[in-house]
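Worth knowing before you read on, the calculation uses all heavy atoms, side chains too, and leaves out hydrogens, waters and symmetry mates.
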Amino acid sequence: MKIDVKQLERTAMAALSKLTTRDHAAQQVDLLLEADLRGVASHGMLRLPRIIRRIRNGVADPAQTGRHAWHGSALLQVDGCHGLGPVVANAAIAALESRISETGVAVAAIRNSNHLGMLGYYAERAASKGLTMIALTTSEALVHPWGGRRAMIGTNPIAIGLPTGRKGQADIFMMDAATSLVSMGEIHDHANRGMAIPEDWALDAEGRPTTDPDAAKSGAIAPFGKAKGYALGLAFELLVTSLSRAAIGRDVTGTLDDTTTCNKGDLFILIDGPGYDLRPYLQALRDEVPAQGFTQVTIPGERGRAARDQRLREGVDLPEQLWREIGDLAR
């Protein structure tokens with residue numbers, strides 16, 4: 001069902017503001033709403049009831065912004081103290097922004113925080129300020145190694161955002177992609193909508209390909225690009241974990257349930273560069289004659305921004321059951 005964006009925002013804020021400050025609630029709601037606007041339902045309001053249950057169960061502390069300790073001049077170690085993912089992340093990024101005028105590059109390595117949501121949200125915001133960001137995070141073991149049957153690696157997404165015009169101009173590039181073929185959130189979204197998943201998405205608990213999203217929840221997601229996606233996902237897992245000192249592999253908990261503490265790692269790399277006009281090259285890509293079966297060449301992030309504009313006008317499509325649940329939480 002279609003929900004007006006402002007109505008959805010007000011209702012979500014009413015639900016979450018019962019448990020934390022309006023500022024912290026607004027940071028979390030803005031992140032979830034942005035995901036739904038861009039069509040990333042797996043990282044949108046679908047997660048709000050679970051976030052509220054995590055707070056009520058004592059495994060998320062909505063008052064926390066994290067404890068900061070600088071290691072040298074450019075590496076910020078953050079203990080998230082089990083705060084809300086975007087609240088801890090935004091505080092860490094603000095600390096990096098205050099440092100990069102001196103260092104040019106600054107890195108935040110975060111542990112003991114909660115789910116970050118859509119990584120591209122942070123990368124795009126940095127790019128809109130004229131900064132370059134590389135954002136990485138790990139998750140519970142949800143992906144099987146190439147050639148394996150069991151889930152042993154996180155979905156481990158990466159987002160990159162950078163300004164494409166001269167510094168101070170609004171043109172930006174942003175890509176956001178998991179190293180799994182899909183996210184577990186997408187499988188949960190299919191399950192909530194009663195929809196089958198494609199056969200190549202996941203294995204069941206016995207290591208067999210499945211189209212049943214409920215069977216996939218207890219199985220393993222495929223890495224994207226087969227062996228290459230496996231290699232990238234593993235590299236990101238090792239990089240984030242080594243710098244954040246977070247849990248790794250099958251020891252990671254708390255990204256998909258409402259009863260266990262979240263112990264994955266996050267990494268933000270922020271760069272204050274001189275800026276370079278990349279727009280002619282990007283336009284050349286758009287102007288390229290499309291291959292057979294395609295209507296045009298697009299730049300990563302453009303479809304999401306177009307979807308956002310459309311949903312701002314027409315509303316966000318939510319499962320009726322989810323909308324009722326959010327409404328009940330707001331009362």
Next item on the list: Might you confirm whether atom NZ of K2 has over 12 heavy atoms from other residues, nucleotides or ligands at distances under 6.0 Å?
Entry: yes
Item checked: Spacing of L239 atom CG and L232 atom CG [to the nearest 0.5 Å] -> 11.5 Å
Next item on the list: Please check if atom CZ in R67 has more than 12 non-hydrogen atoms from other residues, nucleotides or ligands closer than 6.0 Å.
Entry: no
Next item on the list: Take D257 and R50 through the salt bridge (Lys or Arg N to Asp or Glu O under 4.0 Å) test and state the conclusion after the steps.
Entry: CA-CA 7 Å; D257 66 75; R50 183 184 299 136; over 6 Å; no
Check: Can any side-chain N or O of R250 pair as donor or acceptor with the backbone N or O of A151 at less than 3.5 Å?
Finding: yes
Notebook entry, point to check: Quick one: are H68 and W70 in side-chain contact, heavy atoms under 4.5 Å?
Noted result: no
Margin query: Could you measure the distance from the CD atom of E320 to the CD1 atom of I3? Nearest 0.5 Å is fine.
Written below: 8.5 Å
Note to self: Show the nearest heavy-atom pair for residues A216 and I197, with the distance to one decimal.
What the structure shows: CB-CD1, 3.9 Å
Margin query: D36: which residues meet the side-chain hydrogen bond (donor to acceptor under 3.5 Å, both in side chains) condition with it, sequence neighbours left out?
Written below: none
Item checked: Close side-chain approach of V316 to L37, heavy-atom, < 4.5 Å -> yes
Margin query: Using modelled atom types and a 3.5 Å cut-off, is there a donor and acceptor pairing between side-chain atoms of R125 and backbone atoms of G120?
Written below: no
Item checked: Minimum heavy-atom distance M45-I326, with the two atoms named -> CB-CD1, 3.9 Å
Notebook entry, point to check: Does any non-hydrogen side-chain atom of F236 lie less than 4.5 Å from one of L267?
Noted result: no
Margin query: Surrounding NE2 of H71 (heavy atoms of other residues, nucleotides or ligands, distance under 6.0 Å), is the total greater than 12?
Written below: no
Notebook entry, point to check: Is there a donor-acceptor contact under 3.5 Å from the side chain of D277 to the main chain of G165?
Noted result: no
Next item on the list: Grab the two heavy atoms, one from G72 and one from R99, that are nearest each other, plus how far apart they are.
Entry: O-NH1, 4.3 Å
Checklist line | Path from W323 to V40 over hydrophobic side-chain contacts below 4.5 Å | finding: no
Check: Applying the 4.5 Å side-chain criterion to the ILVMFWY set and letting contacts propagate, would M174 and M133 be lumped into a single cluster?
Finding: no
Notebook entry, point to check: Quick one: do the R324 and Q321 side chains pair a donor with an acceptor below 3.5 Å?
Noted result: no
Next item on the list: Please determine which of R56, R54, R53 meets the side chain to side chain donor-acceptor pair (under 3.5 Å) test together with D258.
Entry: R53
Notebook entry, point to check: Heavy-atom distance under 4.5 Å between the side chains of L84 and I55, does that happen here?
Noted result: yes
Next item on the list: Give the intermediate values and the outcome of side-chain contact (heavy atoms from CB on, under 4.5 Å) for residues D266 and V240.
Entry: CA-CA 6 Å; D266 312 313; V240 173; 5.6 Å; no
Check: Short question: side chain of S17, backbone of A14 - any donor-acceptor pair under 3.5 Å?
Finding: no
Margin query: Strictly distance-based, threshold 3.5 Å: is any side-chain N or O of T211 a donor or acceptor partner for the main-chain N or O of P198?
Written below: no
Notebook entry, point to check: Between D317 and M1, is there a donor-acceptor pair closer than 3.5 Å when you use the side chain of the first and the backbone of the second?
Noted result: yes
Check: Quick check: are there more than 12 heavy atoms from other residues, nucleotides or ligands sitting under 6.0 Å from NZ of K18?
Finding: yes
Notebook entry, point to check: Going from CZ on R331 to OG1 on T11, what distance comes out if it is rounded to the nearest 0.5 angstrom?
Noted result: 9.0 Å
Next item on the list: Evaluate side-chain contact (heavy atoms from CB on, under 4.5 Å) for R286 paired with Q296, printing each intermediate quantity in order.
Entry: CA-CA 7 Å; R286 296 186 189 96; Q296 64 179 121; over 6 Å; no
Check: When rounded to the nearest 0.5 angstrom, what distance separates CG in D200 from OG1 in T210?
Finding: 12.0 Å
Notebook entry, point to check: Hey, is the main chain of L116 close enough, under 3.5 Å, to the side chain of Y122 for a donor-acceptor pair?
Noted result: yes
Next item on the list: Identify the heavy atoms of P300 and M175 that sit nearest to each other, and give their distance.
Entry: CB-CB, 4.0 Å
Notebook entry, point to check: Do you know which two heavy atoms are closest between A60 and N114, and how far apart they sit?
Noted result: CB-ND2, 3.6 Å
Note to self: For I248, is there any backbone N or O sitting under 3.5 Å from a side-chain donor or acceptor partner on T241?
What the structure shows: no
Next item on the list: Measure the spacing between OG of S42 and NE2 of H188 and express it to the nearest 0.5 Å.
Entry: 10.5 Å
Next item on the list: Would you check if the side chain of E140 reaches a backbone N or O of G254 as a donor-acceptor pair within less than 3.5 Å?
Entry: yes
Next item on the list: List the atom of A222, the atom of V143, and the distance in Å for their closest heavy-atom pair.
Entry: C-CG1, 4.0 Å
Item checked: Derivation of the side-chain contact (heavy atoms from CB on, under 4.5 Å) call for I187 and V182 -> CA-CA 8 Å; I187 289 174; V182 294; 4.2 Å; yes
Next item on the list: Quick one: pull up CG in L76 and CG in L270 and give me the separation to the nearest 0.5 Å.
Entry: 11.5 Å
Check: Just by modelled atom types, is the M118 backbone N or O under 3.5 Å from a matching donor or acceptor in the H43 side chain?
Finding: no
